[in-house]
Number of protein chains: 2
Amino acid sequence: MPQRPLRADAARNRRLLLDAAAGTFAEYGMEASIAQVAARAGVGKGTVFRHFASKEYLVAAILADHLDELAATGTALLDADDPTAALLEFMTAGVERQSVDRSFCQATTGAVRGEPQVRAASERLAKVAEALTDRARRQGAVRDDVTGHDVVLLISAAYQVTAPLQSADPALWQRYLALIFDGLRSEAAHPLPHPAPGRDQFTAATDAGG
Amino acid sequence: MPQRPLRADAARNRRLLLDAAAGTFAEYGMEASIAQVAARAGVGKGTVFRHFASKEYLVAAILADHLDELAATGTALLDADDPTAALLEFMTAGVERQSVDRSFCQATTGAVRGEPQVRAASERLAKVAEALTDRARRQGAVRDDVTGHDVVLLISAAYQVTAPLQSADPALWQRYLALIFDGLRSEAAHPLPHPAPGRDQFTAATDAGG
DNA sequence: ACCTGAACACCGTTCAAGT
DNA sequence: ACCTGAACACCGTTCAAGT
């Protein structure tokens with residue numbers, strides 16, 4: 001469903017907008033204005049809304065890109081020597097990515113996550129996370145009841161804890177990622193009171209027709 | 001520094017505003033308008049800004065109240081029979097509180113947390129958390145290197161992970177709270193790569209003069 | 001088919017006029 | 001000393017006019 005291909009100038013503007021928006025939002029967070037983004041891209045404000053239904057959708061498109069980049073990082077780690085270290089490294093990359101992007105954190109929280117684009121990217125990311133988790137699990141280091149979706153969600157958690165203290169201590173997230181990671185280890189595993197979210201949770205509330 | 005006491009009508013309006021705002025923001029989140037809050041309180045829009053420097057400060061005042069309520073809950077748990085269960089119950093109460101208040105989560109993330117009022121309440125809450133943690137630690141269930149501040153921050157984390165999936169599965173936070181709590185147990189404790197935040201982190205960037 | 005910027009609606013914040 | 005609502009500035013979004 002990639003419609004028909006965009007006209008050359010439209011495709012170019014779309015790319016310019018995505019790049020400008022990613023830079024602007026990373027620096028100023030989601031409270032940066034559309035006018036600011038349009039100016040940085042060198043297009044009129046109206047063009048933003050021709051390409052993206054709303055500011056939220058624009059953020060969603062960028063978030064989806066970021067998630068796919070992280071998925072690529074994860075895929076590369078699939079043939080690392082130490083599976084457990086690889087899983088930790090994957091999560092570290094994810095948290096680090098957020099720590100240099102003010103909008104990443106805001107977007108992960110917001111309603112944006114409900115957009116099909118973002119859900120699809122989340123799904124791809126969760127698959128990679130699942131593969132990484134599986135390898136670490138086979139090594140005996142990671143508990144049985146943890147899924148790829150869990151890992152993806154906990155990556156957000158590790159950063160969001162420290163977001164408000166970020167300016168005071170930019171590396172604080174390392175502490176909480178380590179604490180959370182210890183919760184994934186088999187040594188401390190206590191039964192979980194609630195089932196993991198599944199494909200359905202991420203895909204819910206859409207696709208009425210088949 | 002509670003200035004001189006407010007005039008009777010002003011004190012009454014302030015209370016009406018806090019109540020109206022807490023209700024409105026809990027239901028609609030921080031994107032509810034000031035006009036909406038003022039109408040619910042039965043005062044003019046201008047009155048809101050006479051009492052609170054900005055919308056953010058209003059949210060901060062409410063957040064501080066919520067934190068103090070949670071601190072009270074924690075204090076009550078200090079003489080529970082099972083210290084470890086008490087710590088978990090404390091954290092559960094905190095996450096549950098957020099899950100029924102749309103603005104709580106947003107406020108915890110935002111710059112609001114930097115306000116002196118909120119920092120002071122956080123500090124009080126961290127002290128209670130520290131006492132609860134200490135009891136559980138003496139029982140041998142909780143690792144040595146975890147502080148009250150850690151516990152407070154992880155309470156936010158546990159909920160924020162699931163905020164975007166809240167509508168799909170409102171009880172999902174229970175899973176992540178359990179996972180995170182397992183990370184606090186002594187069984188899985190691996191050395192943490194970064195020191196805990198201290199009083200200074202929460203109090204930073206203010207009080208130039210004494 | 002796409003771009004543009006003027007126009008619109010909405011909202012946080014200010015302030016002159018009231019009590 | 002405090003309240004009020006009209007006025008202001010800003011911003012997301014729309015759309016008629018252009019190419």
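Within every chain, numbering begins at 1; the chains are lettered A, B, ... in the order of the sequence lines, protein sequences first and strands thereafter. All values below come from the heavy atoms of this structure, side chains included, with hydrogens, waters and symmetry mates left out. As the structure is a computational prediction, the values presented were derived from the model and not from experiment.
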Point to revise | Residues Glu130(B) and Arg135(B) bridged, charged N to O under 4.0 Å | key: no
Review point. Is there a side-chain contact between Gln36(A) and Tyr28(A), using heavy atoms and a 4.5 Å cut-off?
Key: yes
Exercise for review: Using a 4.0 Å heavy-atom cut-off, write out nucleotides 3-19 of chain D from 5' to 3' as B (base contacted by protein), S (sugar-phosphate only) or - (no contact).
Suggested key: SBB-B----SBB-----
Review point. Which stems does DNA chain C form, counting runs of 3 or more consecutive Watson-Crick or G-U wobble pairs with both distances under 3.5 Å?
Key: C:4-8 with D:12-16, C:12-16 with D:4-8
Review point. With distance as the sole test, does Arg137(B) use its side chain to make a donor-acceptor pair with the main-chain N or O of Val146(B) at under 3.5 Å?
Key: yes
**Study point:** Residue list, side chain to side chain donor-acceptor pair (under 3.5 Å) with Arg97(B), at least two apart or on another chain
**Key:** His66(B)
Check your understanding: Which residue pairs pass the salt bridge (charged side-chain N to carboxylate O under 4.0 Å, His left out) test with at least one member in residues 146-167 of chain B, sequence neighbours excluded?
Key -> Arg175(A)-Asp150(B)
**Study point:** Sequence neighbours excluded - side-chain hydrogen bond (donor to acceptor under 3.5 Å, both in side chains) pairs with any residue from residues 51-65 of chain B
**Key:** Tyr57(B)-Glu115(B)
**Study point:** Those residues that, when tested against Asp182(A), pass side chain to side chain donor-acceptor pair (under 3.5 Å) (two or more places apart)
**Key:** Arg185(A), Arg143(B)
